[in-house]
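All ligand and atom numbering here is 1-based and tracks the order in the structure. We're numbering straight along the sequence, starting at 1.
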Amino acid sequence: MGTTHNRQWRLANRPTGEPTADDFELTVDPIPEPGPKEVLVRTDYLSVDPYMRGRMRESDSYADPWPVGEPMRGRAVGTVVESNHGTFEAGDTVFGNLYWAEYAVVDGTELEPVDTGIAPNSTALHVLGMPGRTAYVGTVDVGRIEPGDTVVVSAAAGAVGSVAGQIARIAGCRVVGITGRDEKADWLTDDLGFDAAINYRTADHLSAAVADACPRGVDCYFENVGGEVSDAVMDRLVDHSRVAVCGKIALYNAEAGDDRLRGPRRLHQRTRTRVEGFIVSDHADRFDHINARLRRWVEDDRLRYRETVTDGIETASDAFLGLFEGTNVGKQLVRIDGE
Ligand code: NDP
């Protein structure tokens with residue numbers, strides 16, 4: 001290890017409304033020393049995720065708030081540099097809740113080995129990791145999809161949405177994706193096998209576009225966005241439909257009193273719709289089963305993925321902010337080159 005320096009991001013402020021680059025501070029600190037049972041890990045890939053917006057607030061999130069002034073944590077895949085924990089040795093590839101940093105020291109019990117057998121290590125942060133499991137829980141367990149259902153997925157070209165739509169395809173559903181760019185819509189239909197894709201930014205009338213794409217109505221809506229996209233899908237729900245509320249990224253920067261926080265204003269009792277929010281970590285008892293399925297589908301090329309990668313720890317805050325602009329296709333990652 002030639003360097004002794006560790007660049008890492010700290011939360012500078014708790015933003016009101018849209019976060020900006022000023023809410024993050026990149027500091028240079030000494031590389032930490034691992035204590036007993038601890039492991040020093042060099043980060044290879046850091047995941048930036050929409051839920052982290054909640055961690056920038058004092059409360060109102062299912063994840064703990066990041067303390068202001070402190071290094072921020074995040075899921076990452078890395079390489080063990082030094083280990084005082086019997087399970088790991090230098091050179092091992094591991095997954096864990098590390099830091100937005102080039103190096104991290106964590107308790108060895110918080111790390112998991114990464115099986116690099118069937119796909120690149122980075123997939124432990126998306127299709128073979130938390131976003132993939134979220135997609136499965138939302139479609140199968142919460143959305144209760146059945147063959148022949150029409151399933152609509154919002155943020156469909158993102159990490160969770162792209163997997164959710166493909167799982168619904170595998171289950172024999174008609175799948176319609178909603179996204180914000182034509183390039184993403186093309187990826188969904190041309191490469192991932194979605195039956196139709198709608199660009200919510202350019203559609204003249206979003207509700208009519210959903211109706212066109214879903215002639216028999218919507219049986220299951222995989223909700224990633226909220227707001228007007230959600231309204232448009234609610235208009236088309238059929239009898240005994242299900243809404244799996246995975247996330248509402250369009251509302252994450254809205255503060256109390258913001259007009260965007262109205263709704264769900266077009267959900268009618270006559271459709272007998274079941275709306276159920278879920279948090280993937282509540283379904284840990286299902287993970288072995290889900291992981292095995294995801295792995296098999298990736299191996300069989302039935303489940304495809306894409307990554308948008310920025311290079312260098314200095315790009316992490318911009319990569320995170322880009323999630324709210326839709327700059328990512330597939331999973332947004334930050335790659336940190338080893339020496
Ligand atoms: P994505 O990879 O989908 O990235 C976010 C995407 O959201 C962007 O690319 C953009 O795509 C879309 N987006 C951003 N702002 C808006 C907006 N104002 N209106 C409409 N679309 C917008 O992120 P993830 O796959 O990691 O997460 C997707 C959702 O799943 C989030 O809501 C997240 O919070 C939730 N989630 C929930 C979990 C749970 O346990 N319930 C676990 C993991 C994630 P586009 O260009 O198409 O607009």
Can you confirm, on distance only, whether ligand 1 has an N/O atom lying under 3.5 Å from any N/O atom belonging to [X]?
{"X": "Tyr51", "result": "no"}
{"X": "Ala159", "result": "yes"}
{"X": "Ile178", "result": "no"}
{"X": "Val245", "result": "no"}
{"X": "Tyr200", "result": "yes"}
{"X": "Ile279", "result": "no"}
{"X": "Glu325", "result": "no"}
{"X": "Val160", "result": "yes"}

Protein heavy atom at shortest distance from [atom]:
{"atom": "atom 27 (O) of ligand 1", "value": "Pro50 CG, 3.6 Å"}
{"atom": "atom 40 (O) of ligand 1", "value": "Val280 N, 2.7 Å"}
{"atom": "atom 17 (C) of ligand 1", "value": "Ala250 CB, 3.7 Å"}
{"atom": "atom 9 (O) of ligand 1", "value": "Asn328 OD1, 2.6 Å"}
{"atom": "atom 38 (C) of ligand 1", "value": "Thr134 CG2, 3.6 Å"}
{"atom": "atom 47 (O) of ligand 1", "value": "Thr179 OG1, 2.7 Å"}
{"atom": "atom 14 (C) of ligand 1", "value": "Leu323 O, 3.3 Å"}
{"atom": "atom 15 (N) of ligand 1", "value": "Phe324 O, 3.6 Å"}

Between the side chains of [X] and [Y], does any donor sit under 3.5 Å from an acceptor?
{"X": "Asn84", "Y": "Glu38", "answer": "no"}
{"X": "His126", "Y": "Glu307", "answer": "yes"}
{"X": "Arg10", "Y": "Thr27", "answer": "yes"}
{"X": "Tyr221", "Y": "Ser154", "answer": "yes"}
{"X": "Thr87", "Y": "His85", "answer": "yes"}

Practice task
Between Asn224 and ligand 1, find which residue part has any heavy-atom pair under 4.0 Å and reply side chain, backbone, both or neither.
Solution key: both
Problem - Short N-O contact, Asp29 and Arg7, less than 4.0 angstrom - result: no
Out of [options], who gets a non-hydrogen atom closest to [atom]?
{"atom": "atom 35 (C) of ligand 1", "options": "Cys246, Gly158, Gly277, Gly177", "answer": "Cys246"}
{"atom": "atom 12 (C) of ligand 1", "options": "Ile249, Val329, Val229", "answer": "Ile249"}
{"atom": "atom 46 (O) of ligand 1", "options": "Met130, Glu183, Glu228, Lys184", "answer": "Lys184"}

Exercise for the section: Check whether any heavy atom of Gly322 sits under 4.0 Å from an atom of ligand 1. Expected result: no
Problem - Asp239 and its salt bridge (charged side-chain N to carboxylate O under 4.0 Å, His left out) partner, picked from Arg272, Arg216, Arg270 - result: Arg272
Exercise for the section: Compute both the distance and the angle, then confirm whether Arg73 meets the cation-pi test with Tyr99: under 6.0 Å from the six-membered ring centre, within 45 degrees of the axis. Expected result: yes
Practice task
Determine the minimum heavy-atom distance between Leu11 and Trp66, stating which atoms define it.
Solution key: CD2-O, 3.5 Å
Practice task
Output the list of atoms in ligand 1 that are nearer than 4.0 Å to some heavy atom of Gly330, sorted by atom number.
Solution key: 2 (O)
Completion exercise
Counting from 1 in the order shown, the ligand 1 atoms closer than 4.0 Å to a non-hydrogen atom of Lys248 are 32 (O)
Handout entry: Residue pair Phe24 / Trp100, side-chain heavy-atom distance below 4.5 Å
Key = yes
Handout entry: Student check: side-chain heavy atoms of Thr327 and Thr308 closer than 4.5 Å
Key = no
Handout entry: Stepwise ring-ring contact (aromatic ring centres under 6.0 Å, His included) test for Phe324 and Phe320
Key = CA-CA 8 Å; Phe324 298 90; Phe320 169 72; 5.5 Å; yes
Exercise for the section: Give the C-alpha distance, both sets of side-chain angles, the deciding distance and a yes or no for side chain to side chain donor-acceptor pair (under 3.5 Å) between Glu223 and Ser230. Expected result: CA-CA 7 Å; Glu223 164 76 290; Ser230 182; 2.7 Å; yes
Practice task
State the CG-CG distance between Leu128 and Leu303, to the nearest 0.5 angstrom.
Solution key: 8.0 Å
